[in-house]
Amino acid sequence: MLQPQPTTQPIIVGAILAGGESRRFNYQTKALIDLNGKPLIEHCLDRLAPQGLATIAVCANQNPALTEYGLPCIEELDCAIAGPLRGLYSALEWAHKAAGDALLLTVPCDTPLLPLNLVEELTNTLLLTQDDCVIASSNGRLHPTIGLWRTNLLQRLADHIAASQKGSLKAWLSQCRFTEVNFCSTQIDPFVNVNSQSDLNNLTQALAPK
Ligand SMILES: Nc1nc2c(ncn2[C@@H]2O[C@H](COP(=O)(O)OP(=O)(O)OP(=O)(O)O)[C@@H](O)[C@H]2O)c(=O)[nH]1
């Protein structure tokens, strides 16, 4: 088990959610979609690497194509729900096992421009508020897959899933005490995501030198 540092800083581990069906991208593995010469998951990793996480794992239905990154692979828990909430549930279980009472950052694999102060801002807010979690937003839009969660939510989430038998992250969030942390940018939305070929085309164009 990862041990806490001799400071008051909690252990923070990261999980990149990279499962799902990718119906809007012809069922292609979204994490491996190329953006400007690099797969989306590498963009994510590059953004997270300098942010002081104790470890970063990938939660992706054990997709063998993602094992080459050498990241710990989080096994998806067998439950009646699918989608990002199952990813969060699996990641919380992994984080609780790996680090005990700690904090878990979740991000989706399809957001290549994550802010470099994401972990710092979310952590500062969570420690201040003592809420269950903090969730990122931009331009007035909440991004429930991008959050910092207390691992001790695990049992509550398990109960929620067992009671609802289906679930969206939004429905789960409505059961949580959370604060929203807004990240703004005058240029491209830092949480712009790639769900389809046209999203990819638009982002490639937006990133092209003017
Ligand atoms: N681990 C895990 N991640 C998931 C699961 N479903 C979705 N995700 C991830 O959660 C993020 C948001 O997913 P969505 O865009 O809502 O769903 P998607 O399946 O990727 O795409 P669509 O089928 O087009 O809706 C993406 O990074 C997905 O890779 C799941 O069941 N398990």
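In listed order, ligands and their atoms are each counted from 1.
By the 6.0 Å contact criterion, NZ on Lys170 is open, its count of non-hydrogen atoms from other residues, nucleotides or ligands being 12 or less. Summarising the local packing, CG of Asn36 is surrounded by more than 12 heavy atoms from other residues, nucleotides or ligands at distances under 6.0 Å.
At least one N or O atom of Arg86 sits closer than 3.5 Å to an N or O atom of ligand 1. Taking distance alone, with nitrogen or oxygen atoms compared against 3.5 Å, Pro108 stays at or beyond that limit from ligand 1. For ligand 1, the polar-atom distance check finds no N/O of Phe25 at less than 3.5 Å from any of the ligand's N/O atoms.
Shown in contact with Arg24 at under 4.0 Å from a heavy atom are these atoms of ligand 1, numbered in order with element: 14 (P), 15 (O), 16 (O), 21 (O), 22 (P), 24 (O), 25 (O). Heavy-atom proximity to Cys109, at under 4.0 Å, picks out these atoms of ligand 1: 27 (O), 29 (O).
No continuous path of hydrophobic side-chain contacts links Leu17 to Leu157 [ILVMFWY only; heavy atoms under 4.5 Å].
Comparing Ala15, Ala91, Gly19 by heavy-atom distance to atom 29 (O) of ligand 1, the nearest is Gly19. Nearest residue to atom 1 (N) of ligand 1 from Lys30, Glu76, His143 is Glu76 (criterion: closest heavy atom). Closest to atom 21 (O) of ligand 1 by heavy atom, among Ala82, Gly20, Ser22, is Ser22.
The single protein non-hydrogen atom nearest to atom 22 (P) of ligand 1 is Arg23 N, 3.5 Å, given as residue, atom name and distance. With hydrogens left out, the protein atom closest to atom 19 (O) of ligand 1 is Glu21 N, 2.8 Å, a heavy atom. If you check which protein heavy atom lies closest to atom 12 (C) of ligand 1, you get Pro84 CG, 4.0 Å. What sits closest to atom 27 (O) of ligand 1 on the protein, heavy atoms only, is Leu17 O, 2.8 Å. Taking atom 30 (C) of ligand 1 as the reference point, the nearest protein heavy-atom neighbour is Gly83 O, 3.2 Å.
Residue-level proximity to ligand 1 for Asn195 is carried by the side chain, the only part with a heavy atom below 4.0 angstrom. Proximity of Cys59 to ligand 1, defined as any heavy-atom pair under 4.0 Å, is shared by backbone and side chain alike.
Gln51 places a side-chain N or O within donor-acceptor distance of the main-chain N or O of Leu118, the cut-off being under 3.5 Å. No donor-acceptor pair closer than 3.5 Å links the side chain of Asp131 to the backbone N or O of Leu126. Using a distance-only test at 3.5 Å, with no hydrogens or angles considered, a donor-acceptor pair links the side chain of Thr106 to the main chain of Thr145.
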* To do: Would you sort out whether Phe25 and Asp199 count as a side chain to side chain contact (heavy atoms under 4.5 Å, CB included), showing the intermediate values?
  => CA-CA 10 Å; Phe25 217 126; Asp199 289 344; over 6 Å; no
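With sequence neighbours excluded, no residue forms a salt bridge (charged side-chain N to carboxylate O under 4.0 Å, His left out) with Arg141. Every residue two or more places apart in sequence or in another chain that forms a ring-ring contact (aromatic ring centres under 6.0 Å, His included) with Phe191 is listed here: His143, Phe183.
Between the side chains of Gln205 and Asn201, no donor-acceptor pair is found at a separation under 3.5 Å.
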